[in-house]
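Scroll down for the structure; my scribbles are underneath it.
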Number of protein chains: 2
Amino acid sequence: MGTRERRAREFREREAYLLDLATELLLEQGQDAITMERLAARGEYAKGTLYKHFTCREDVLCALACRRVNNIAAMLAQALSQVTRSRDRVLAMFVAYELYAAQHPEDFRLTLALSAGSLTDRVSADHLDELENARQSVFAISKALIGQAREEGDLAALPVSEDAFTFALETACQGSYMLVSGDPELRRRWNLPSGEENMHALASMVLDGVGWRPLSADRDYTALAASLRQQLAPVVARFSMNPGTTSAT
Amino acid sequence: MGTRERRAREFREREAYLLDLATELLLEQGQDAITMERLAARGEYAKGTLYKHFTCREDVLCALACRRVNNIAAMLAQALSQVTRSRDRVLAMFVAYELYAAQHPEDFRLTLALSAGSLTDRVSADHLDELENARQSVFAISKALIGQAREEGDLAALPVSEDAFTFALETACQGSYMLVSGDPELRRRWNLPSGEENMHALASMVLDGVGWRPLSADRDYTALAASLRQQLAPVVARFSMNPGTTSAT
DNA sequence: TCATTTTGTGACGGTGCGTCACAGTATAGG
DNA sequence: CCTATACTGTGACGCACCGTCACAAAATGA
């Protein structure tokens, strides 16, 4: 009698169910609406049961963020498969990020909220680990791109370690979306042609600065970005935020 | 009889007093400790009075952030006055930011928390405006540097508008500190030589990429950064977070 | 069938928010 | 100096949410 296994499975399924509920709340009313109270009221389990899965409210947000980050990683992987040359792929990554951010501003809000409070204290070690792993898988994508570029001879020397460069790329990307999504008016105030254009310009500068070939002088990345935007829109849209996307089956 | 004026002055003084209290709470117990409840309990005014000044809790955080941003702007201005050449000054700005971030991690937390929730709804228009102005004054510093570089012929052409470039610089800087201060373990996991070194490397890449002279090949910015770090430490420390720093007198 | 273990519950004490009717105090006019 | 009026300050109140815990219900297996 596999009682043990069945119990474990049911537990996982219920967690997925609860996270689906949380996702609904997030989409309908924003992250502040994700409360233990409402989760219990809307779903079929009482508050006490919720605390069998999550140590606290932040733990729910953390688990939710984890799903999202995994989803982003999958989305990026798919987007990158559309082009071949390493620098084109970097651009594809930026474009995909941008499209995703436009479709799911709440995702970034979630990330910010988690960064703002100190997680480590109250969140369960399990969910924290899971989130960290998910983040690693996103970073791994950038890192693989750098590896590819070096192999193919498009990127000769780096002034810093590959890890540090990976980190810098991600950092710049997320920082930009933070400012933009944090205050939608910011873009207007600063006469930024558009969030996208700005990001690509920054990316161009960094990549040119580091000598990642073909340099922007040798290839029309603006045009490429435009066409990628067309091409990737449906791909990104497929990774929407509807509940269950990343649930176990 | 300047009754009107006196009242207005007293009002401003009380607001400063309340923000001093909030700062104490922030320093002692973190931003979650800043509640209307405790502010009223610790200070000499009742809750109802607090709501004469602030529309809600977030409004307090907003006003507090405003003070901080102004303080950072002042600090940066001072730091930049230590060197003359434009690109050196950019480096000084990065170093100053870094030193400040190390000394006041709570500042960044505050910024993140404000970006995570939608301010515009509940925060008073006054405080929001003030915060926006404060931010502008920080951006203005970066922008002035770009102006200087162009005037002096150290920066020929930009692939984007000056505003966009300014924005990109700030963005990258803040994004990095977000990731680092959000999760102190991140640095360790990624074998980042150090947060500073990483930031400077990124800055170097961007500045080289955009052709801001002298290029890093022509000048030892690593050594300059190290010496700036020594030189600026006491300057930055002077702009500490003790209450009243930015109060009206 | 029933003792035992596991799972699920929701009432409870506590904290914090934002409001509002009222108490207290200053101002100015008589 | 007194009083009517306007302004300022208050804290109790209703509400929402958190996280806990003693107990109820159900599943297990002997």
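For clarity, every value in this text was computed on a predicted model and none was experimentally measured. Here is the naming used below: chain letters follow the sequence lines, and residue numbers restart at 1 for every chain.
Atoms CD (Glu44(B)) and P (dT8(D)) sit 18 Å apart, rounded to a whole Å. Atom NE2 in His53(B) sits about 16 Å away from atom P in dG18(C), given to the nearest Å. dT9(C) atom C1' lies 16 Å from atom CG of Leu39(A), rounded to whole Å. Straight-line distance from the CD atom of Gln29(B) to the C1' atom of dG16(C): 15 Å, rounded to whole Å. In this structure, CG of Leu50(B) is placed 13 Å from C1' of dG16(C), rounded to the nearest angstrom.
The closest donor-acceptor contact from the side chain of Arg67(B) to the backbone of Ala16(B) lies under 3.5 Å.
Qualifying ring-ring contact (aromatic ring centres under 6.0 Å, His included) partners for Tyr100(A), counting only residues two or more places apart in sequence or in other chains: His104(A). With sequence neighbours excluded, the residues forming a side-chain contact (heavy atoms from CB on, under 4.5 Å) with Cys56(A) are Glu58(A), Asp59(A), Arg122(A), listed by chain and number. The salt bridge (Lys or Arg N to Asp or Glu O under 4.0 Å) search around Arg7(A) returns none, not counting sequence neighbours. Residues meeting the side-chain contact (heavy atoms from CB on, under 4.5 Å) test with Glu10(B), sequence neighbours left out: Arg6(B). Partners of Ala63(A) by side-chain contact (heavy atoms from CB on, under 4.5 Å), not counting sequence neighbours, listed by chain and number: Leu19(A), Phe54(A), His127(A). Looking at residues two or more places apart in sequence or on another chain, you find a ring-ring contact (aromatic ring centres under 6.0 Å, His included) between Phe11(A) and His53(A). Residues passing the salt bridge (Lys or Arg N to Asp or Glu O under 4.0 Å) test with Glu44(A), sequence neighbours excluded: none. In this view, Glu106(A) satisfies the salt bridge (Lys or Arg N to Asp or Glu O under 4.0 Å) rule with no residue, not counting sequence neighbours.
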Set out, line by line, the N/O atom pairs under 3.5 Å between protein and nucleotides 22-25 of chain C.
none

Restricting both atoms to N or O, compile the protein contacts to nucleotides 23-25 of chain D shorter than 3.5 Å, with distance only.
none

- Query: Reading nucleotides 16-21 of chain D from the 5' end, what letters show protein touch, with B for base, S for backbone sugar-phosphate only, - for no heavy atom under 4.0 Å?
  - Reply: -BBBB-
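Contact check, Arg7(A) against dG8(C): no side-chain N or O comes under 4.0 Å of OP1 or OP2. OP1 or OP2 of dT5(C) has not a single side-chain nitrogen or oxygen of Arg4(A) nearer than 4.0 Å.
Distance from the side chain of Arg6(B) is smallest for dA26(C) among the nucleotides dA26(C), dG8(C), dT10(D).
Contact check on Glu5(B) versus Arg9(B) returns no salt bridge, with no Lys/Arg side-chain nitrogen under 4.0 Å from an Asp/Glu carboxylate oxygen.
Listed by first and then second residue, the salt bridge (charged side-chain N to carboxylate O under 4.0 Å, His left out) pairs that reach into residues 27-40 of chain A are Glu28(A)-Arg42(A), Glu37(A)-Lys47(A), sequence neighbours excluded.
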